[in-house]
Structures are given as structure tokens and as C-alpha cells.
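Step one of this worksheet: look at the structure below.
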Amino acid sequence: MASGKKTRHTSGDSTDSSEVDPSDYIPTPPDGGWGWVIVLSSFMCNMIVDGLGYSFGVLLPKWVEVFDETRGTVSLVGSLLCGIYLCAGPIVSGLTNKFGCRIVTVAGSIFGTLAFLAASFSQNITVLLLTYGFLGGLGFGLVYLPAIVIVGYYFEKKRAIATGIALCGSGVGTFIFAPANAMMLDAFDWRSLVMIQAGIVLNACVFGMLMRPLEPTKKMRQSLRKQEIENARKKAVGNRKRNAHSDSSMKGASDFTDLKEIKKIKEKQEDETKTASSENTSGFLKGVKAHEIHPTIQNGYAKTQGEPFLSVPRLRGDSFHHVTKSDYSRPMYRQDIFYSGSITNMPEYKSSQSDMKQYIASITNIPDIPSSSCWDRCTCLPMSVVDTLRDMLDISLLTDIPFLMICAGNLLAMTGFYVPFTYVVDHALQLGISKPDAAFLLSIIGITNTVGRIASGLLVDIFKLDALVINNVALVLSAVLLFVEPFCKTYELLIGFSVLYGFCVAAYISLTSIIICNLLGLRKLTNAFGLVTLARGVAGVLGPPAAGAVYTATGSYNYSFWLGGLMFALGAGCHLVLHLPCVKKKAKGNDSDEIVIAEEEDKSMIKDCGENV
């Protein structure tokens with residue numbers, strides 16, 4: 001190393017203001033502090049979105065009466081509300097990557113509020129489907145996904161507990177809003193109730209504003225360095241003015257001359273580096289990683305000197321786009337952003353020698369855009385949005401047998417998931433149970449769902465049980481419960497069903513990202529999570545109307561619940577296939593491939609280290 005260059009500290013701090021390390025522009029999660037305010041905000045957003053969505057069953061009998069429509073048609077309103085916000089996941093992820101969680105959440109809250117207000121003036125079921133269902137679902141999607149992403153952005157080591165607390169908002173919201181909707185429906189008409197719900201949705205604006213963007217620590221150091229340089233410049237100019245009458249060899253003048261010479265040399269070096277960079281743009285960038293552009297020598301990688309990462313070109317069509325420092329703080333470029341478990345047991349974290357900064361740098365990936373990709377035509381969209389859509393909607397992952405089973409299992413199981421949330425209240429009313437007691441069944445499902453999410457997280461993170469086994473047991477039990485529900489003819493038996501069902505489906509929802517990561521590896525998590533969310537959204541839209549159509553055809557809810565149980569059983573069967581030796585071997589092969597790729601990258605960087613030193 002040249003004598004004129006200072007060494008870089010392990011923490012990533014550079015003692016030379018001319019050195020630029022992208023890892024300094026990657027925000028480090030505080031794992032506390034303002035992060036707990038973020039957890040509260042996410043909790044409240046989940047409480048509003050899922051609480052109102054899951055308690056739709058209270059409104060179903062009223063709207064069947066008011067609009068004189070079948071239960072299958074009216075249930076489509078609630079299924080659109082819950083299904084669309086899941087289907088919108090990839091699009092909302094792209095918007096979140098571009099604009100951040102705060103702006104997207106606030107926009108979603110306002111959009112959802114306007115949709116609910118418009119729904120309160122609906123004169124027929126078609127308008128209600130468009131406003132309350134479709135547009136309301138889009139607004140909920142803009143609130144729901146950023147609330148999930150922001151927790152993973154603020155927490156790493158404590159992510160499991162932080163995510164668990166945030167997701168409990170879904171159960172608490174169902175517990176609160178189900179009986180509250182029933183009481184307000186008795187006190188007011190349904191239009192006033194929907195207006196009140198619009199006001200509740202607007203409160204998500206407040207919690208969205210609390211989602212403060214996480215700033216990298218480099219920003220403060222850069223400001224201090226700029227101030228130091230400016231002070232030195234002013235001092236040199238002042239010395240020059242004071243010594244204007246003296247010989248040019250005097251101290252003030254020589255300082256100013258040296259400063260000008262340094263500036264000229266620096267500008268010349270920058271122009272040469274930019275020219276060399278532009279000549280090699282065709283094959284330079286194949287997925288930008290923080291530790292691959294300006295890696296640190298202390299971590300075993302080459303320490304490169306030259307043009308900072310801000311000028312690295314990214315090719316899309318005939319135009320060039322540059323990687324900026326803001327790209328390194330975009331949440332969707334973090335490969336573990338959807339991971340809900342603890343990272344301390346992940347291979348990527350262990351390989352980083354438990355160094356958080358190094359781990360985050362290793363999983364920060366800005367993907368390339370191949371010229372043959374269909375996304376290459378989306379020149380009107382920002383690169384940060386296109387990157388996310390391309391990553392989350394890559395259907396080539398469906399050729400992977402383990403993931404195909406996961407996706408098919410979620411599509412089938414989610415078809416039956418919303419059946420109790422939509423019809424258990426109406427079923428109880430038909431059995432002669434009072435409206436408050438019937439609505440309280442949804443509250444029971446909500447509160448036991450909260451307990452189930454916490455319990456499943458503890459079993460995986462603390463007791464180290466296999467997440468796939470817990471998930472499969474939960475799916476099988478949920479199927480059995482839906483088959484048994486038609487035989488629950490008393491309120492006490494319906495309470496027992498609600499307690500067990502809420503507890504079982506919690507594991508199915510909360511362990512998805514951990515199962516995907518265990519089977520497919522961290523590199524495929526974002527892609528797999530995007531496709532699974534899309535499959536769940538489609539199933540959520542189709543499930544309740546299908547069960548309602550069965551009720552219309554048979555005149556009994558027995559067959560509707562049995563249909564839901566059948567869907568859960570088929571979904572459980574797809575997940576049980578993952579335990580077969582041949583499929584498990586394929587899943588392990590995915591992990592091996594990921595390790596081999598990582599090893600090849602390390603070898604390549606070590607080779608570059610030898611060439612550059």
C-alpha cells in the first residue's frame with residue numbers, strides 16, 4: 001500500500017476522505033432504539049388491515065339482506081379485500097423499493113380511506129365490489145407490505161421477536177374489530193359503519209409517518225469531511241489574501257497553490273477512471289454486491305482503489321443507469337428482507353464470522369438486467385422498481401420441484417383458509433346463537449391466532465424444531481377441524497373449534513419464509529416469497545365465493561366447511577411431499593448449489609486480490 005494512503009478500519013470507517021466504501025452507505029439495523037417504535041407502527045398497521053379484513057364475516061349477513069344477493073356473491077367483497085392486498089405484493093414491493101416504506105404506507109392509508117368512503121355510498125353490490133373490495137384491497141396492500149418490510153429493515157439479531165410482535169397485530173385486530181363491528185352495526189346502519197372503518201384506516205397515516213427511513217452512518221462522516229475540507233479551503237484563501245503583497249513562496253500562497261494542484265490531479269485521475277469504466281461497461285456488472293465493488297482487506301477481500309461505486313454503470317436497453325449510494329439503502333435489495341426468523345443460525349451470518357456489517361454487505365445485492373429479459377422493455381419504470389418486479393415474479397422458479405410443491409400447497413390451503421373467517425358467524429346465527437356471541441367467535445380465532453404465532457416462533461427459534469414439520473402438523477389439524485365444524489351444533493363446541501383453528505393456522509402463516517429459506521436458500525427467498533404471496537392472493541379471492549356457491553347449491557354450510565377442509569388436506573399433502581427422500585435430496589441440492597456459488601465468488605475475489613495488491 002502506498003505510503004500516502006491510510007488504512008481502513010475494520011468497522012468500515014475510512015481515515016482518508018478520498019476513499020469510498022459502499023458498505024458505509026448500507027444502513028446497519030439498530031436492533032432496538034427507534035426500531036421498537038417501528039414494531040409498534042407495524043403492529044398497528046397489521047391490526048387495522050387484517051383486523052378489518054378478517055372480521056368481514058360480521059357484515060356478510062347484513063349485506064345479503066340489504067342487496068338481496070347470494071352469500072357467494074356478497075362474500076366476494078370480503079375475499080377481494082383480503083386477496084387483492086396479497087396479489088398486489090410484488091407491485092407494492094417495487095414501490096417500496098423506490099419510495100420507501102413511509103411514503104407508500106401513507107399513500108395506501110389515504111387510498112384505502114377514499115375507497116371505503118366511496119363504498120359507503122354504494123347502491124348495488126357491483127359498486128361495493130369495486131370500491132370496498134378491489135380498491136380497498138389495493139389500499140390495504142400499500143399499507144400491509146411496507147409494515148412487514150420495515151421490521152426486517154430495522155432488526156437482524158432480534159428480528160424473530162420483533163416480527164412476531166408485529167404480526168400479532170393481525171390477531172389482536174380480529175379480536176377487537178369483530179365484536180366492535182357487531183355493536184356498531186346494531187347502533188348505526190351499515191353505511192355509517194363503513195364510514196367509521198374509513199376513519200380507522202386513515203389512522204394508518206399516523207403509524208406510517210413513524211416509519212422513519214434508516215440512514216447509513218456514512219452520511220454523518222461525509223458531512224464532517226466536507227466541512228473539514230471547506231474549512232481548510234477558507235483558511236488557505238484567507239492566508240493568500242493576507243499575503244497577497246508577499247512573495248509567492250510564503251506559506252499562505254504555497255498552501256493555496258498546493259490545494260489547486262491536488263484538485264487538478266484528482267480531477268485528472270477521475271476523468272481517466274471514468275473513461276476506463278465506460279470502455280468496459282458491456283460485461284462489467286453481473287449483479288452488484290456491496291462487498292464485490294469496494295471490499296475491505298480486513299475481511300479477506302481485495303481493497304480496490306479507483307473510481308467510486310457511484311459511477312458503476314447498469315445496462316438496460318440502449319441507456320446507462322448508474323448505481324448510486326441510495327441504491328445500497330433500498331430495502332428490497334436485501335436478500336433476507338422477508339425472512340421472519342432469527343439470522344444467527346443462518347449460514348450466511350456464520351460465514352461472516354458474526355460480523356453484522358459484513359453480513360449485511362454480503363446479502364445486499366443489486367441485480368443486473370439481462371438484455372434478453374422481458375423487463376428490459378419497461379424503460380418507463382425506475383430501475384429500483386423493475387429490479388424488484390423481475391426478482392419477485394421470476395416464474396422460472398416453478399421448475400424447482402420443492403418450490404412447486406410449496407406454491408401448490410399454499411394455493412390449495414389458502415382456498416380453505418378464509419372459509420371460517422367468512423362464514424362461521426353466519427353459521428352460528430343459523431344455529432340460533434345471538435349476534436354478539438356469534439361475532440365473538442371471530443374474536444376467539446383472532447386471539448388464539450396471536451398465541452399460535454408466538455408459540456410457533458418459539459418452537460422454531462428457541463427449541464430448534466423443524467419449521468416444516470410444525471407447518472405440516474398445523475395444516476393437517478386445520479383440515480380435520482374444518483371437517484369437524486359442521487358437527488359443532490352448540491356454542492360451546494363452536495368456541496372449541498375457534499380456539500383450535502386460530503391456534504393451528506397461525507403456524508401456517510408465520511413460518512412460510514423460514515420454510516422457503518431452509519429448502520431453497522436465502523438467494524431465492526425474495527423470488528419464492530413473491531410467487532407464494534401471489535398464489536395466496538388468488539386463492540384468497542376464489543375460496544369464500546366457492547364455499548358460498550356450495551352453500552347456495554346445497555342450502556347447508558356443512559358442505560362449505562367440508563370443501564375448505566378438503567382444500568386444506570390437499571395443501572397439507574403437497575407439503576408432506578417435501579419429506580420424501582427424493583424431494584429432500586433436491587432441496588439439499590439447492591443449498592449445495594448456493595454454497596458452491598458463494599465459494600466460487602470468494603475464490604474469484606481472492607484471485608482479484610492477488611492481482612490488485
Side-chain angles (χ1 to χ4, degrees), residues 41-67 74-88 92 95 102-147 169-170 172-211 421-422 425 439 442-443 446 540:
S41 302
S42 179
F43 178 93
M44 297 302 295
C45 288
N46 279 289
M47 187 179 75
I48 293 171
V49 171
D50 285 339
L52 292 177
Y54 288 171
S55 61
F56 170 80
V58 176
L59 282 166
L60 177 70
K62 184 66 176 180
W63 280 347
V64 168
E65 176 187 346
V66 170
F67 294 107
V74 175
S75 68
L76 184 58
V77 177
S79 65
L80 278 174
L81 180 67
C82 295
I84 291 298
Y85 84 68
L86 292 175
C87 289
V92 178
L95 295 175
R102 172 185 282 176
I103 294 177
V104 175
T105 302
V106 172
S109 175
I110 296 173
F111 190 87
T113 300
L114 294 176
F116 274 48
L117 285 176
S120 66
F121 297 99
S122 300
Q123 298 299 322
N124 55 66
I125 195 66
T126 303
V127 176
L128 198 64
L129 285 169
L130 176 62
T131 53
Y132 193 95
F134 184 79
L135 297 180
L138 288 178
F140 276 17
L142 291 169
V143 174
Y144 173 76
L145 190 132
S170 299
V172 174
T174 308
F175 177 78
I176 294 174
F177 287 124
N181 284 344
M183 288 187 292
M184 287 188 291
L185 202 58
D186 288 335
F188 311 103
D189 63 350
W190 71 268
R191 298 182 188 277
S192 299
L193 172 59
V194 174
M195 287 184 180
I196 293 172
Q197 289 182 343
I200 293 172
V201 175
L202 188 60
N203 281 277
C205 274
V206 178
F207 305 113
M209 291 300 295
L210 295 175
M211 297 179 183
F421 288 100
T422 306
V425 174
L442 283 179
S443 293

**OP:** Evaluate the side chain to side chain contact (heavy atoms under 4.5 Å, CB included) criterion for residues Tyr144 and Leu86: first the C-alpha distance (whole Å), next the side-chain angles of each, then the deciding distance (0.1 Å), finally the verdict.
**Re:** CA-CA 9 Å; Tyr144 173 76; Leu86 292 175; 4.3 Å; yes
Testing the basics here: between [X] and [Y], what is the closest heavy-atom pair and its distance to 0.1 Å?
X	Y	result
Asn181	Ser55	ND2-OG, 3.2 Å
Thr174	Asp50	OG1-O, 3.9 Å
Gly173	Met47	CA-CG, 3.2 Å
Thr422	Ser75	CG2-CB, 3.9 Å
Gly208	Arg102	O-CG, 3.5 Å
Ala147	Asn46	CB-ND2, 4.3 Å

Quick one: does [X]'s side chain get under 4.5 Å of [Y]'s, heavy atoms only?
X	Y	result
Leu81	Phe116	yes
Phe121	Val127	no
Trp63	Tyr132	yes
Leu60	Glu65	no
Asp189	Ser192	yes
Leu59	Leu193	yes
Val58	Phe177	no
Leu129	Leu80	yes

**OP:** Begin from the C-alpha positions of Thr105 and Leu142 and carry the test side chain to side chain contact (heavy atoms under 4.5 Å, CB included) through to its verdict.
**Re:** CA-CA 6 Å; Thr105 302; Leu142 291 169; over 6 Å; no
Original post:
Roughly how far, to the nearest 0.5 Å, is the CE atom of Met195 from the OG atom of Ser120?
Top reply: 3.5 Å
Original post:
CD1/Ile200 to CE/Met44 distance, rounded to the nearest 0.5 angstrom?
Top reply: 10.0 Å
Original post:
When you look at Phe140 and Val201, which way does the side chain to side chain contact (heavy atoms under 4.5 Å, CB included) test go after all the steps?
Top reply: CA-CA 9 Å; Phe140 276 17; Val201 175; 3.7 Å; yes
Original post:
Checking side chain to side chain contact (heavy atoms under 4.5 Å, CB included) for the pair Phe67/Leu128: CA distance, chi angles, key distance, verdict?
Top reply: CA-CA 10 Å; Phe67 294 107; Leu128 198 64; 3.7 Å; yes
Subject >> Which residues share a ring pair (Phe, Tyr, Trp, His ring centres under 6.0 Å) with Phe421, sequence neighbours left out >> reply: Tyr54, Phe417
Subject >> Sub-6.0 Å ring centroid separation between Phe134 and Tyr85 >> reply: no
Distance-only, no hydrogens or angles: does the [X] side chain make a donor-acceptor pair with backbone N or O of [Y] under 3.5 Å?
X	Y	answer
Ser109	Cys205	yes
Arg191	Ala119	no
Ser443	Phe175	yes

